[in-house]
Number of protein chains: 2
Amino acid sequence: MQSVRAMKETDAGSGLTERQGAVLEQALRLLVDGGEKALTTAGVARAANCSKESLYKWFGDREGLLSAMIAFQASKVRTLDVAGAKLDGGSLRVHLVTFARDLLDVLAGDVSLALNRLAIGQASREGSKLGHMLQERGRRQIGRRAGALLEAGRKAGLLAFDDSDEAYGALYGLVVSDWHLRMLLGEEPGRLKKDFSRRAERAVDAFLTLYGAKE
Amino acid sequence: MQSVRAMKETDAGSGLTERQGAVLEQALRLLVDGGEKALTTAGVARAANCSKESLYKWFGDREGLLSAMIAFQASKVRTLDVAGAKLDGGSLRVHLVTFARDLLDVLAGDVSLALNRLAIGQASREGSKLGHMLQERGRRQIGRRAGALLEAGRKAGLLAFDDSDEAYGALYGLVVSDWHLRMLLGEEPGRLKKDFSRRAERAVDAFLTLYGAKE
DNA sequence: CCCCATCAGTACCGTACGGTACGGTTCGTG
DNA sequence: CACGAACCGTACCGTACGGTACTGATGGGG
């Protein structure tokens, strides 16, 4: 262990080698294609051309593998903070609509749906931290982007709200409504995806009606 | 079969005997307590003091048992339609807040969460109609109550909207936001439940701001 | 009183999975 | 070249589950 000096990592501080990242990639693919039942240790080993022994050496047990998959996927998603430019009414609306559409696209993604299904399935037993991980790494991340945008809007005098979380909750609800749950339950996402743009615009309009500053 | 004349049923047209209903009750309890993994055929048979053979005779296979559980639970929930009385601004708000709070209570219920987790877990494989069943029996039911309420509000000149589904979607989103998903992911529901009343009122106020008729 | 259907309880079977152990191979290093 | 670490492929083990078959008990109807 100590002799290994230059362990090449996929990501700074992730502690994963390229090989292990590739294995997790295959595991995610298996999960997306066949659900949790298809995600067996033997299946992952076969798909990734590695041995089960290596899986257990790297990730401890099956739970560790699942956690690593979530962490790995989260590490790949980078939310670009465009908190830069100055805002007017039009650009704020554009930014909000873009955010809303991105949010819908993320939630409707194959990997996101599969991981959410996995974490929800594990949520029944106690001690499963998968749900908490997904919440922390996923929502907190995109929530920060929204929070920064809302805060910038308030700074520019375009938005009026007391509680930032409450405003974000309203925006989220207006955008997502029950679509996320419906997709998790298996409703064909193709038909829903077509309406994402229109839905994002309507939701942002409603949000601005609620929280837009009176002029 | 034909010789059985008076098969005592728990519910008109459900096709279930009292005994079978009791078995499903125990199965639901097992599911709530221990999640899907705890819901084994042997476990259900033991908990309900029946034989596995009877389970397979009555429900066909495990999938049939799950479907029967969902249908059974749905048959127990009766949404009272209070489409009667005349509405003014105050009573409409009261009705909406009551609806919102009921919605949050239902979604936060043990059995609801367990069944949703179950259906979501099964949603990965194709051909699983559990998600569709839950959607149809659950949401459609409570959606009708909301639709009737909204329609009554519009009839009384208190609400203004073109698309009833869109208005309901906005109400749902404002009320629920991401709380349902967070509860499904295992977030302690106790802490969330305390705020249900305040949350319902805030959401209804926002909804009335969006869809209340200008006077 | 007997017959037959139903059902509980149990034993059983095939399978599949999580986890472990072992032989053979590659590759970097002294 | 020799040594050893890492690792692949596979075989293996214990267990648990879905589903089936059998036995004995119960209870209602002719």
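This is a predicted model, so every value here is computed, not measured.
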Would you give me the side-chain donor-acceptor pairs under 3.5 Å for residues 43-58 of chain B, sequence neighbours excluded?
unit_1, atom_1, unit_2, atom_2, d
Ser51(B), OG, Ser54(B), N, 3.1
Ser51(B), OG, Ser54(B), OG, 2.9

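Rounded to an integer number of Å, the gap from Leu55(B) CG to dA21(D) C1' is 16 Å. To the nearest angstrom, P of dC7(D) lies 8 Å from CZ of Arg19(A). For the pair Glu18(A) CD and dC7(D) P, the interatomic distance rounds to 13 Å; values are reported in whole Å.
Among residues two or more places apart in sequence or in another chain, the ring-ring contact (aromatic ring centres under 6.0 Å, His included) test is passed with Phe196(A) by Trp179(A). For Tyr211(A), the ring-ring contact (aromatic ring centres under 6.0 Å, His included) test picks out Phe207(A), with sequence neighbours left out. Qualifying side-chain hydrogen bond (donor to acceptor under 3.5 Å, both in side chains) partners for Asp105(A), counting only residues two or more places apart in sequence or in other chains: Arg101(A).
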Next item on the list: Can you check each nucleotide of nucleotides 10-25 of chain C against protein heavy atoms at under 4.0 Å and return B for base, S for sugar-phosphate only, - for none, in 5' to 3' order?
Entry: -------SBBB-B---

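Ion pair Asp195(A)/Arg199(A) not flagged as a salt bridge, since none of the NZ, NE, NH1 or NH2 atoms sits closer than 4.0 Å to an Asp/Glu carboxylate oxygen. Contact check on Glu25(A) versus Lys76(A) returns a salt bridge, with a Lys/Arg side-chain nitrogen under 4.0 Å from an Asp/Glu carboxylate oxygen. Under the 4.0 Å criterion applied to side-chain N and carboxylate O atoms, Glu166(B) and Arg198(A) are not assigned as salt-bridge partners.
For the helix from dC1(C)-dG30(D) to dG30(C)-dC1(D), the rotation axes defined at the first and last 5 base pairs enclose an angle of 0°, given to the nearest 10°.
The phosphate of dT6(C) (OP1 or OP2) has no side-chain N or O of Trp58(B) nearer than 4.0 angstrom.
Of all non-hydrogen atoms in Ala203(B) and Leu174(B), the two that sit nearest each other are CB-O, 3.5 Å.
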